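Predicted, not measured: the structure shown is a model, and the values here were computed from it. Throughout, protein chains are lettered first and strands after them, A, B, ... in sequence-line order, and every chain is numbered starting at 1. The basis for the numbers below is simple: all heavy atoms, side chains too, and nothing from hydrogens, waters or symmetry mates.
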2 protein chains.
Amino acid sequence: MPSGAPRLDKVIRKLRDLGFRITPQRLAIFEVLSRREDHPGAEQIYSEVKQNFPTTSIATIYKTLAFLKSIGEVLELEFSGDCNRYDGRIPHPHPHLICIKCKKIVDPELASLASMTEKLARQSGYRLLSHRLDFYGICPGCLKKESPGEAESR
Amino acid sequence: MPSGAPRLDKVIRKLRDLGFRITPQRLAIFEVLSRREDHPGAEQIYSEVKQNFPTTSIATIYKTLAFLKSIGEVLELEFSGDCNRYDGRIPHPHPHLICIKCKKIVDPELASLASMTEKLARQSGYRLLSHRLDFYGICPGCLKKESPGEAESR
DNA sequence: CTTCCTGCAAACAATTTGCAGACAG
DNA sequence: CTGTCTGCAAATTGTTTGCAGGAAG
């Protein structure tokens, strides 16, 4: 029976087609990834998965994330110092908007990036394969909290 | 006597003005940063500095890099997995063009980023403070090497 | 002189790996 | 059954820290 969640179904089908095993751990990890909108880190995924599978190990989380990345179903956002974050909803490069207070990461609308990339490729002579565009700032919610009443100013 | 390199002189003046000490290690580390165009990592800086100051330790490199970053004279490019890279020539956020073969990092010309950022800030309600834009690809030199004669195709 | 800086070694934290047993197909 | 995947623990790696001695001002 299909799970009802299109992203999850797509990945299950992909695993089957490619001959990889469909394990409860893989499903649980991807279910968390496809459900959450805030781009969790490995430890956060771990603690969620453990609620249903208490014997799961952090190594399995990392192995599964690397595996999902290798089949192109998860995008890894690397952060030296802090831990990496994972995007299972949009697994190809796209801009991110990161709140430095609450650490939330969201996906903003942003046209004109594609044309900028193409222009750069022409100018530089590089064969461009990927990119990364992260904006750091303070989200409306955190702005409100830190200075109530003047959050919209400046 | 001034060193003759404007970037280096500017930082020396800044250290003096702010009351920080001007040590040979700090000068040597910043000299490497201001001279190299390829955005070296800590270990690369370490091995260059050691040639003139054999007793220098890697801890000093890291401490000095963190210090230069804190006074806004070095930009740190974080890479989880690989090591971080440092830009001492343009110490504020700007796009980078990274060759995945030879690991060289250069600074491309790119207009229209500023207007894109401003538009995003308006749309999202975030107070944007910084950003990061990295393009990954293969540089013209490496393209030539891997497939001589058809590097310009595709 | 006094305080900040350096150098050493040990500590750290996120991630990876080796291996034996478990289980999906 | 059979080969892949999991779970455990130990290893790895880039970076940070604590502290005692050293040198900049």
Does [N] have its OP1 or OP2 closer than 4.0 Å to a side-chain nitrogen or oxygen of [X]?
| X | N | answer |
| --- | --- | --- |
| A:Thr23 | D:dT6 | yes |
| B:Thr60 | C:dG7 | yes |
| A:Gln25 | C:dC23 | no |
| B:Arg26 | C:dC5 | yes |
| A:Thr55 | D:dG7 | yes |

request  = On DNA chain C, check which nucleotide each of A:Ala42 and B:Tyr46 is closest to and give me the residue with the more 5' one.
outcome  = B:Tyr46
Quickly work out the [X] [atom1] to [N] [atom2] distance and round it to whole Å.
| X | N | atom1 | atom2 | answer |
| --- | --- | --- | --- | --- |
| B:Glu76 | D:dT16 | CD | P | 7 Å |
| B:Leu27 | D:dA24 | CG | P | 11 Å |
| A:Arg21 | D:dT2 | CZ | P | 13 Å |
| B:Leu68 | C:dC5 | CG | P | 12 Å |
| B:Asn84 | D:dT13 | CG | P | 16 Å |
| B:Ile22 | C:dC5 | CD1 | P | 11 Å |
| B:Tyr62 | C:dA11 | OH | C1' | 15 Å |
| B:Ile58 | C:dC12 | CD1 | P | 20 Å |

ask   = Does some side-chain heavy atom of B:Cys139 sit less than 4.5 Å from a side-chain heavy atom of B:Lys104?
value = yes
key: Residue mapping more 5' on DNA chain D - nearest nucleotide basis, A:Thr56 or B:Arg16   = A:Thr56
ask   = Is the backbone N or O of B:Phe79 less than 3.5 Å from a side-chain atom of B:Asn84, with the two atoms forming a donor-acceptor pair by type?
value =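 Yes: the side chain of B:Asn84 pairs with the backbone of B:Phe79.
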ask   = Of the candidate nucleotides D:dA24, C:dA24, C:dC5, which contains the atom at the shortest distance from the side chain of B:Phe20?
value = C:dC5
query = Which of these, A:Asp107, A:Leu113, A:Leu110, sits in a side chain to side chain contact (heavy atoms under 4.5 Å, CB included) with A:His94?
reply =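 The passing option is A:Asp107.
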Sole residue of B:Lys14, B:Arg26, B:Arg89 in salt bridge (charged side-chain N to carboxylate O under 4.0 Å, His left out) with B:Glu73 = B:Lys14
Under-3.5 Å donor-acceptor pair between B:Lys63 side chain and D:dG18 base = yes
task = With salt bridge (charged side-chain N to carboxylate O under 4.0 Å, His left out) as the test, would you mind laying out the steps for B:Glu48 and B:Arg36 before giving the verdict?
result = CA-CA 11 Å; B:Glu48 274 208 52; B:Arg36 293 183 56 151; 2.5 Å; yes
